[in-house]
Amino acid sequence: DPLPALAGKCLTGGRLNIGRAAISPTPLARLAGTELRDAAPGGDGDGLANPGETVTALVRVRNCSVASLSGVTLTVASADPYVTVVDATATVGGLPAFALRDAEDPVALALAPNCPTPREVTVDVEIAADGAGPWHGSFRLTVYTSHHVSGVVTLDGAPAPGVTIEWTGPLGGSRLT
């Protein structure tokens, strides 16, 4: 609806319907997040992607439209020479309007034992639905080298109680003996 006060200030000379501008009336799905896991047998469970591990990523998808989507699937790929995609596909299933849902199964990525660290890896995601898409996104993961330290703090050959050990890095922290 044109308004004299907006004449020459915007393309239509009228008000902007922000709801129409922000909500897609046609099917639209987007990558909404990932959860990285490095559990055994492929990883060591320290929460970090390390060289030589096979990690999994649980991918979350959001329906950004008023249309319900069915048969939603996703496929991942990476051009990084240190990454091999072991399991490239995951099923999301039905996705009602504006819904957010995790894939039913994770995708898996094998990291080369000689992967330099730290290294940021880009993983491309293609999302498709029955009769709609594809839509594209990506996520990043960082490959780190982690070290496990263990032992007993001693003073004059005897265990030393009350000593605080601190460490830094991707999983920094402290521990009281």
Side-chain angles (χ1 to χ4, degrees), residues 28-64 69 72-96 98-129 133-177:
L28 176 64
R30 291 283 184 236
L31 173 67
T34 57
E35 180 183 324
L36 183 71
R37 298 176 181 165
D38 74 327
D44 59 8
D46 67 357
L48 299 174
N50 302 129
E53 288 187 331
T54 296
V55 297
T56 60
L58 188 61
V59 180
R60 182 169 291 128
V61 177
R62 178 179 298 282
N63 182 350
C64 300
L69 302 174
V72 180
T73 59
L74 60 93
T75 304
V76 299
S78 180
D80 192 289
Y82 296 100
V83 176
T84 300
V85 178
V86 177
D87 185 356
T89 60
T91 300
V92 177
L95 203 53
F98 308 113
L100 178 68
R101 182 169 291 155
D102 289 339
E104 295 171 2
D105 49 328
V107 295
L109 310 164
L111 307 172
N114 64 335
C115 181
T117 60
R119 181 178 186 83
E120 190 171 88
V121 172
T122 299
V123 179
D124 298 311
V125 180
E126 181 179 281
I127 303 167
W135 304 282
H136 297 91
S138 65
F139 66 90
R140 294 188 178 133
L141 65 93
T142 303
V143 182
Y144 294 101
T145 299
S146 59
H147 302 280
H148 297 275
V149 179
S150 63
V152 176
V153 176
T154 61
L155 179 62
D156 298 327
V163 175
T164 300
I165 302 168
E166 295 182 6
W167 62 95
T168 60
L171 289 178
S174 66
R175 173 78 63 171
L176 181 65
T177 62

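Computation of the quantities below employed the complete heavy-atom set of this structure, encompassing side-chain atoms and omitting hydrogens, waters and symmetry-equivalent molecules. Throughout, numbering of the chain's residues begins at 1 and tracks the sequence.
Atoms CD and CG, from E120 and D80 in turn, are 10.5 Å apart once rounded to the nearest 0.5 Å. Distance OG1/T142 to CG/L48: 9.5 Å, rounded to 0.5 Å. To the nearest 0.5 Å, atom NE2 of residue H136 and atom CG of residue L74 are 12.0 Å apart. Atom OG1 of T56 is separated from atom CD of E35 by 8.5 Å, given to the nearest 0.5 angstrom. Atom-to-atom distance recorded for D46:CG and Y144:OH is 11.5 Å, nearest 0.5 angstrom.
Put simply, the residue from L100, T73, V125, V92 that forms a side chain to side chain contact (heavy atoms under 4.5 Å, CB included) with V61 is V92.
Contact detail for L69 and A129: the closest heavy-atom pair is CB-CB, 4.2 Å. The heavy-atom pair separating R30 from W135 by the smallest distance is NH1-CB, 3.9 Å. The minimum heavy-atom distance between A103 and L58, with the atom names listed, is O-CD1, 3.3 Å. In this structure, A108 and T54 approach most closely via the heavy-atom pair CB-CG2, 4.3 Å.
Side-chain contact between N50 and L111 is absent, with no heavy atoms from C-beta onward closer than 4.5 Å. At a threshold of 4.5 Å between non-hydrogen side-chain atoms, the residues P51 and V143 count as touching. Residues T89 and D87 meet the side-chain proximity criterion, which asks for heavy atoms closer than 4.5 Å. For the pair L31/V59, a side-chain contact is recorded, criterion being any heavy-atom separation below 4.5 Å from C-beta on. Using a 4.5 Å heavy-atom cutoff, the side chains of L109 and L141 are in contact.
A donor-acceptor distance shorter than 3.5 angstrom exists from the side chain of D38 to the backbone of G47, with no hydrogens or angles considered. Judged purely by atom type and a 3.5 angstrom limit, N63 uses its side chain to pair as donor or acceptor with the backbone of P96. Between the side chain of E126 and the main chain of P134, no donor-acceptor pair closer than 3.5 Å is present.
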